[in-house]
Amino acid sequence: MGGKVLPVLVVALAIVLLWYLGTAFLNWQTTVDRLTRAGGAPGFSEILSQTMQAERPVLPAPHQVVAELWKTVVEMRVTSPRSLLFHAWVTLSSTLLGFAIGTGLGIALAIGIIHSKTLDKSLMPWIVASQMIPILAVAPMIIVVLASLGITGLLPKAIISTYLSFFPVTVGMVKGLRSPDTMLTDLMRTYHASPTQVLLKLRLPASLPFLFASMKVAVAAALVGAIVGELPTGAQAGLGARLLAGSYYGQTVQIWAALVAASVMAGLLVWTVGVAERLVLKRTGAR
């Protein structure tokens, strides 16, 4: 256990050290200017101290972000619009809905592709090409079109999450469904197994490791899509709304706290998919 934890701790400490160095470097000039305008000739230690506790720093120090997280997660009521947990739940709701739709769509497309050469030749290039369009360009169009149809709230953000999450699932499942050895598929045919039986008894069980690997990528992409979907809507709640509010008022500490919260959420979502993977593979006897 120690052999696994120690490298992680070393990397984490290195990141924190570099973060503090970056904080001092990026906030140095603005701190010097502020102290000079206040009068006097500030010394090195005073400037260094002030760079670590600036009210609106260019780059906040780690302890400032931790303090903001403590205030908005622990000290605030969960139902308060100032609570980071409140905003995280709003983003999580659209993330999970988009992830569920994207996973289902990806599996359905993959099944269609492996059973139809026409879909394989015609649909797969378009699926790949769809990911060439930047999500920041697609999101406002989706929001505007759905709003014109009277569809607002959770669903538009979930659709943007779906747009990002279906692709890795589709690609992973196509690879997984085609992974069984040719001898096994030929054996199933000698037993006069129907395409549905081959799919259910051979292809789907063999594709489970590929599915869960792609789902780990998809759930993180779904979170990104949910946050991006909150930006053009002018949403009042969600981590994206928190980022927008912080940028409007120059609250960089608030921005970084929301970013850290989004990172933690992504890690927990990927971990949850990993737990589900271990349980399912253990139950099915797959490796």
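Hydrogens, waters and symmetry mates play no part in the numbers below; they use all other heavy atoms, side chains included. Just so you know, residue 1 is the first one in the sequence shown, and it goes up from there. Keep in mind the model is a prediction, meaning the values are calculated, not measured.
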Report task. Let me see the working for M173 and L204 under side chain to side chain contact (heavy atoms under 4.5 Å, CB included), right down to the final yes or no. Result -> CA-CA 9 Å; M173 278 299 290; L204 281 178; 4.0 Å; yes
Query - From CA spacing to verdict: side chain to side chain donor-acceptor pair (under 3.5 Å), R77, T79 - result: CA-CA 5 Å; R77 289 183 295 105; T79 55; 2.8 Å; yes
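By the 6.0 Å contact criterion, NZ on K216 is enclosed, its count of non-hydrogen atoms from other residues, nucleotides or ligands being greater than 12.
Panel note: side chain H87, backbone A241; no donor-acceptor pair is recorded below 3.5 Å. Judged by distance alone, the side chain of Q64 and the main-chain N or O of A54 form a donor-acceptor pair under 3.5 Å. Using a distance-only test at 3.5 Å, with no hydrogens or angles considered, no donor-acceptor pair links the side chain of S49 to the main chain of S45.
In this structure, OG1 on T103 lies 12.0 Å from CZ on F166, to the nearest 0.5 angstrom. For the atom pair L279 CG and K282 NZ, the distance stands at 8.0 Å (nearest 0.5 Å). Rounding to the nearest 0.5 angstrom, the gap separating the CE atom in M141 from the CD1 atom in I133 is 6.5 Å.
Using a cutoff of 4.0 Å between basic side-chain nitrogens and carboxylate oxygens, E46 and R34 are not scored as salt-bridged. Between E230 and R242, none of the side-chain N atoms (NZ, or NE/NH1/NH2) sits under 4.0 Å from a carboxylate O, so this pair counts as no salt bridge.
Using cut-offs of 30° and 60° on the angle between ring planes, the pair W28 and F44 is tilted.
For T72 and E68, the side-chain atoms include no donor-acceptor pair closer than 3.5 Å.
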